[in-house]
Asks: 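Let me give you the structure first, and then I'll get to my questions.
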Number of protein chains: 2
Amino acid sequence: MTDTRRGRPRTPLLSRETIVAATLQVIGDEGVAAVGMRSVARLLGVDAKSLYNHVDGKDGLLDAVAEQLLGGLVLPAPTGDARHDLHAIAHAFRDRALAHPGAAPLVLTRQLSSLEGLAPVDAVLTVLLAAGADAEEAVHLLRMLLATLIGTLLREVSAAPTFGGDDGERLEALQGAGLTAIATAAPHLAEFDRAAEFEYTVDLAITAVLARIDLRTAR
Amino acid sequence: MTDTRRGRPRTPLLSRETIVAATLQVIGDEGVAAVGMRSVARLLGVDAKSLYNHVDGKDGLLDAVAEQLLGGLVLPAPTGDARHDLHAIAHAFRDRALAHPGAAPLVLTRQLSSLEGLAPVDAVLTVLLAAGADAEEAVHLLRMLLATLIGTLLREVSAAPTFGGDDGERLEALQGAGLTAIATAAPHLAEFDRAAEFEYTVDLAITAVLARIDLRTAR
DNA sequence: ACCTGAACACCGTTCAAGT
DNA sequence: ACCTGAACACCGTTCAAGT
């Protein structure tokens with residue numbers, strides 16, 4: 001039922017949500033580089049300048065996407081087991097970042113000063129404090145975990161396996177360049193199981209964090 | 001002495017190096033967002049299209065910058081002490097990434113398939129293998145270290161302290177939003193000593209890596 | 001080999017005007 | 001309140017032409 005009483009207050013064609021949705025579609029179809037006021041507006045059947053009524057320029061548009069993505073994060077209920085809870089938070093974060101792979105760099109890279117970005121930070125801090133860290137150490141450990149998380153996800157989303165297969169030519173070139181360790185490890189460098197790699201890295205980081213807390217706690 | 005014999009083969013105005021240098025100046029003066037074929041060319045007193053003779057478009061230009069920066073990395077001589085050597089590599093990498101802070105995202109974010117990017121990878125692998133890791137585990141540990149390194153440096157270069165000071169208003173807002181752990185840790189969140197934070201995070205990661213190798217080695 | 005003129009198909013953004 | 005027309009000052013990139 002279109003709103004036509006008195007002819008004046010028509011129902012708006014656009015909203016922040018529809019604009020973000022259209023942006024995600026552009027990202028999914030043509031990549032993040034294809035995002036522009038014009039391309040997004042075209043998808044909505046609207047003029048580019050209309051977007052300015054809902055979003056603060058192109059930069060604000062990208063922020064809105066990152067915010068909304070992160071806002072959809074559902075934090076797992078804490079169980080009291082610190083290791084398990086940190087794992088669960090990390091995976092929840094990963095799920096959100098990979099929900100729209102092309103948009104992941106936005107989520108991982110943009111400053112998330114909004115409340116959306118604070119929820120997971122609070123969740124991690126809560127677990128660390130409960131595990132026995134004092135406030136100061138908890139902050140350092142949080143930053144370490146975040147760095148590792150963001151670093152792995154950035155790689156996962158943007159990096160190919162890094163090294164082509166085991167063709168002998170490449171290997172010899174590596175040897176010749178003095179990169180013997182790379183040549184030795186080449187078959188493993190060519191392999192990259194995203195989920196397994198994430199698990200390995202995050203588990204190692206969490207182990208380190210918990211070990212440090214126990215060290216401190218044991219005085 | 002300008003080259004004028006026969007009038008023909010004049011000495012070129014441009015080179016890859018001068019172009020990269022000009023780009024770094026633009027980045028330093030106006031930020032990475034200000035980099036463009038036109039802005040870089042202007043600095044060189046040349047037409048934008050001339051750059052295409054030395055660099056593969058704007059993207060190639062950015063790659064060239066990242067490559068050259070990373071190429072300047074001087075790897076420390078290995079001492080045989082794994083912990084010390086990993087620390088040294090990490091700091092050498094940081095020095096290079098922070099030499100031109102505005103350009104750091106390029107170094108940290110771009111695919112570095114060139115030989116420039118492989119040298120530090122080889123160095124880390126060498127240390128891990130010497131420390132007793134087998135090739136497969138060494139690759140996983142390498143990826144973990146890289147993720148942590150890149151994550152911290154990205155934050156260091158792009159992120160402000162994250163949380164304004166201890167003004168009571170902000171604190172109450174956090175409490176009200178249910179972010180009690182953040183409220184508790186707020187004074188420490190407001191503090192951010194870049195060098196110290198880097199040291200803490202990298203040391204924790206290295207400790208974790210070495211612990212895992214020892215675990216395996218001890219069967 | 002290296003640089004440029006002319007030209008093309010794009011950008012983001014403003015502001016005043018329409019409804 | 002929301003959308004658009006006209007307009008501006010930009011982009012990256014090509015190709016043929018000059019030297």
Side-chain angles (χ1 to χ4, degrees), chain A residues 1-27 29-66 102-103 105-106 110, chain B residues 1-27 29-66 102-103 105-106 110:
Chain A
M1 193 161 301
T2 58
D3 183 352
T4 48
R5 47 198 160 142
R6 283 279 207 70
R8 270 310 184 31
R10 351 203 151 187
T11 99
L13 297 176
L14 262 28
S15 75
R16 222 156 193 279
E17 284 74 26
T18 56
I19 291 176
V20 167
T23 308
L24 283 174
Q25 191 179 327
V26 172
I27 292 175
D29 293 349
E30 315 173 60
V32 70
V35 172
M37 305 305 274
R38 287 170 154 96
S39 61
V40 170
R42 196 180 312 128
L43 220 55
L44 294 163
V46 124
D47 189 281
K49 298 182 286 335
S50 304
L51 303 183
Y52 287 81
N53 288 305
H54 302 89
V55 129
D56 188 13
K58 184 182 178 179
D59 226 60
L61 171 63
L62 264 11
D63 280 338
V65 172
L106 300 180
R110 301 235 140 204
Chain B
M1 193 160 301
T2 57
D3 183 354
T4 48
R5 46 195 163 147
R6 284 279 206 70
R8 264 321 177 25
R10 349 203 155 190
T11 99
L13 297 176
L14 262 28
S15 74
R16 222 156 194 278
E17 284 73 27
T18 56
I19 292 176
V20 167
T23 309
L24 283 174
Q25 192 180 328
V26 172
I27 293 176
D29 292 349
E30 314 174 61
V32 70
V35 172
M37 304 306 274
R38 287 169 154 96
S39 62
V40 171
R42 196 179 312 129
L43 220 55
L44 294 162
V46 124
D47 188 281
K49 299 183 283 340
S50 304
L51 304 183
Y52 286 81
N53 288 304
H54 304 88
V55 129
D56 188 13
K58 183 181 179 180
D59 226 59
L61 171 63
L62 264 11
D63 280 337
V65 172
L106 300 180
R110 302 234 139 203

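By convention in this document, chain letters (A, B, ...) are assigned in the order of the sequence lines, proteins followed by strands, and residues within each chain are numbered from 1. Any value given below was found using the heavy atoms of this structure, including those in side chains, with hydrogens, waters and symmetry copies removed. Treat the numbers as computed from the prediction; the structure is a model and nothing was measured.
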Asks: Could you check how far CZ of R38(B) sits from P of dT4(C), rounded to whole Å?
Replies: 14 Å
Asks: Rounded to the nearest Å, what distance is computed from the CG atom of residue D47(B) to the C1' atom of nucleotide dG5(C)?
Replies: 8 Å
Asks: Using whole Å, report how far CG of D56(B) lies from C1' of dT14(D).
Replies: 14 Å
Asks: Return the pairing partner of dA17(C) with a 3.5 Å limit on both distances, Watson-Crick or G-U wobble; otherwise return none.
Replies: none
Asks: For dC3(C), does OP1 or OP2 lie under 4.0 Å from any side-chain N or O of H54(B)?
Replies: yes
Asks: Remember a base hit wins even if backbone is also touched, and classify N53(B) as base, sugar-phosphate or nothing at under 4.0 Å, heavy atoms.
Replies: base
Asks: Reckon K58(A) touches a base, only the sugar-phosphate, or nothing at all at heavy-atom distances under 4.0 Å?
Replies: sugar-phosphate
Asks: In the structure shown, which nucleotide is the Watson-Crick or G-U wobble counterpart of dC11(C), with both distances under 3.5 Å?
Replies: none
Asks: Between I19(A) and L14(A), is any pair of side-chain heavy atoms under 4.5 Å apart?
Replies: yes
Asks: Measure the spacing between CG of L62(B) and CG of D56(B) and express it to the nearest 0.5 Å.
Replies: 12.0 Å
Asks: Would you mind reading off the distance between L51(A) atom CG and dT13(C) atom C1', rounded to a whole angstrom?
Replies: 12 Å
Asks: Whole-Å distance between dG12(C) P and L61(A) CG?
Replies: 10 Å
Asks: With rounding to the nearest 0.5 angstrom, report the CG to CG distance, L43(A) to L24(A).
Replies: 11.0 Å
Asks: Give a yes/no on whether any side-chain N or O of S50(B) is located under 4.0 angstrom from OP1 or OP2 of dC2(C).
Replies: no
Asks: Tell me which of M37(A) and L14(B) sits closer to the 5' end of DNA chain C, going by the nucleotide each one is nearest to.
Replies: L14(B)
Asks: Within a 6.0 Å radius of atom CG on N53(B), are there more than 12 heavy atoms belonging to other residues, nucleotides or ligands?
Replies: yes
Asks: Which nucleotide in the set dC3(D), dC11(D), dC2(C) lies at the smallest distance from any side-chain heavy atom of P12(B)?
Replies: dC2(C)
Asks: Provide, to the nearest angstrom, the distance between the NZ atom belonging to K49(A) and the P atom belonging to dG18(C).
Replies: 15 Å
Asks: So for atom CG, which belongs to D47(B), do other residues, nucleotides or ligands contribute more than 12 heavy atoms lying within a distance under 6.0 Å?
Replies: yes
Asks: Any idea which of dG12(D), dC3(C), dC11(C) is nearest the R42(A) side chain?
Replies: dC11(C)
Asks: Ignoring the backbone of L13(A), work out which of dT14(D), dC3(C), dC3(D) is nearest its side chain.
Replies: dC3(D)
